[in-house]
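Following: one structure in structure tokens, then a few remarks.
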Amino acid sequence: ALPICLIVTAEVMKETSFILNFDVEAKNLPRKKLSLGTDPYVVIMRQVPGGTAVRVWQSTIVKRSRNPKWKLRNLSLQKCCNGDLRRKLIFQIWDHDPFDTDELIGSFVTSLKDLRTNGALGYDVINVNMKDKPGYKNSGRFYLSNWMLIPETTFLDYIVGGCDIS
């Protein structure tokens, strides 16, 4: 019998009590299906020590749109980047296919700090399989707006604040 090896990776979670809200949109995504158009959705992944990535958020699917918009609401800053605004995040834009495997339209890497500063300017969505082809510029652009970092009030905050409970 072959020996079994289990590798466990752990990360100390920082105590952060902020919620992240923002709106994102992609523009000029390529047409992925002949007649049906593109059914895009966004996946955000954070890099963890060791170089792997963990999914922290996935949007809804926007049917038949090359210029979709999504609202990211109530994402814990702890879950998103463990409170580290410089932590690398991978944004992937996928085309949903109900009959086959979803297809990666493209991606880019940034941090929340950079996204907050430059998100309105936009990011090129790059498909690594196409980037070396002649004439390829990008697979669309990605923009952020309405950034809000909201303090999350916990039960302990009410107790420390002297709230009466009857």
Side-chain angles (χ1 to χ4, degrees), residues 7 9 11 13 16-150 152:
I7 299 173
T9 303
E11 177 180 5
M13 299 299 287
T16 59
S17 56
F18 286 92
I19 297 295
L20 186 60
N21 290 341
F22 55 78
D23 298 336
V24 292
E25 68 179 300
K27 293 187 178 179
N28 301 318
L29 297 177
R31 224 180 280 291
K32 288 304 211 181
K33 299 177 196 83
L34 294 176
S35 61
L36 298 177
T38 302
D39 300 333
Y41 64 94
V42 177
V43 173
I44 301 175
M45 303 178 82
R46 73 176 157 107
Q47 289 187 335
V48 294
T52 60
V54 176
R55 181 183 302 214
V56 296
W57 184 76
Q58 180 173 322
S59 73
T60 57
I61 297 166
V62 178
K63 297 284 188 182
R64 296 186 180 126
S65 177
R66 294 182 57 222
N67 299 297
K69 295 181 181 184
W70 300 276
K71 292 182 182 299
L72 186 147
R73 296 292 181 262
N74 300 321
L75 177 60
S76 160
L77 192 63
Q78 184 179 24
K79 181 178 179 181
C80 182
C81 62
N82 199 14
D84 179 4
L85 298 180
R86 291 182 179 88
R87 166 92 43 112
K88 294 295 180 193
L89 298 174
I90 303 161
F91 284 73
Q92 300 175 326
I93 294 89
W94 291 84
D95 178 33
H96 175 69
D97 188 338
F99 306 109
D100 201 359
T101 305
D102 292 356
E103 184 179 351
L104 181 65
I105 294 172
S107 63
F108 64 93
V109 178
T110 188
S111 66
L112 283 180
K113 183 177 190 271
D114 186 57
L115 195 64
R116 185 176 188 176
T117 305
N118 301 318
L121 301 174
Y123 293 87
D124 283 333
V125 177
I126 302 297
N127 185 320
V128 294
N129 296 325
M130 297 180 64
K131 72 178 186 177
D132 294 330
K133 292 189 177 184
Y136 178 77
K137 183 177 176 184
N138 62 41
S139 293
R141 298 274 296 163
F142 189 89
Y143 300 91
L144 173 132
S145 61
N146 300 324
W147 169 281
M148 289 190 299
L149 197 55
I150 304 165
E152 181 180 32

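A quick note: this is a predicted structure, and the numbers were derived from the prediction, not measured.
Scanning both residues, Tyr41 and Asp95, for their nearest heavy atoms gives CE2-C, 4.4 Å. Val125 and Arg141 make their closest contact through CG2-C, 4.1 Å (heavy atoms, listed as atom of the first residue, atom of the second, distance). Across every non-hydrogen atom of Pro40 and Pro68, the tightest pair is CG-CG, 3.5 Å. Ser65 and Val62 get closest at one heavy-atom pair: CB-CG1, 3.6 Å. Minimum heavy-atom separation, Val42 to Phe91: CG1-CD2, 4.4 Å. Between Arg31 and Thr38, the shortest heavy-atom distance links the atoms CA-OG1, 3.6 Å.
Between Asp39 and Arg66 there is no salt bridge, since none of the side-chain N atoms of the basic residue sits less than 4.0 Å from a carboxylate O of the acidic one.
Between the side chain of Asn28 and the main chain of Gly140, no donor-acceptor pair closer than 3.5 Å is present. In this structure a side-chain-to-backbone donor-acceptor pair under 3.5 Å is missing from Arg116 to Ser111. The backbone N or O of Phe22 lies less than 3.5 Å from a partner atom in the side chain of Arg73, making a donor-acceptor pair. Checked by atom type and distance alone, the side chain of Trp70 pairs as donor or acceptor with a backbone atom of Thr60 at under 3.5 Å. Listed for the Tyr136 side chain is a donor-acceptor partner under 3.5 Å among the backbone atoms of Asn127. Distance alone, capped at 3.5 Å, is enough to place a donor-acceptor pair between the Asn21 side chain and the Asn74 backbone.
In summary, the aromatic rings of Tyr123 and Phe142 are positioned with their centroids too far apart to meet the 6.0 Å limit.
By the 4.5 Å heavy-atom criterion applied to side chains, Leu89 and Leu115 are not counted as neighbours. In this structure, the side chains of Gln47 and Ile90 come closer than 4.5 Å at one or more pairs of heavy atoms. The shortest distance between side-chain heavy atoms of Leu104 and Gln92 falls below 4.5 Å.
The CD1 atom of Ile150 sits 10.5 Å away from atom CZ of Phe18, with the distance rounded to the nearest 0.5 Å. How far NZ of Lys133 is from NZ of Lys131: 13.5 Å, rounded to the nearest 0.5 Å. A distance of 13.0 Å separates CD1 in Ile126 from CD1 in Ile105, rounded to the nearest 0.5 Å. Atom NZ of Lys71 is separated from atom OG of Ser145 by 7.5 Å, given to the nearest 0.5 angstrom. Separation of atoms CG (Leu149) and CG (Leu85) is listed at 7.0 Å; rounding is to 0.5 Å. Rounded to the nearest 0.5 angstrom, Leu112 CG and Leu144 CG are separated by 9.0 Å.
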Inset, instruction - Take Lys69 and Asp23 through the test side-chain contact (heavy atoms from CB on, under 4.5 Å) and record every step on the way to the result. - result: CA-CA 7 Å; Lys69 295 181 181 184; Asp23 298 336; over 6 Å; no

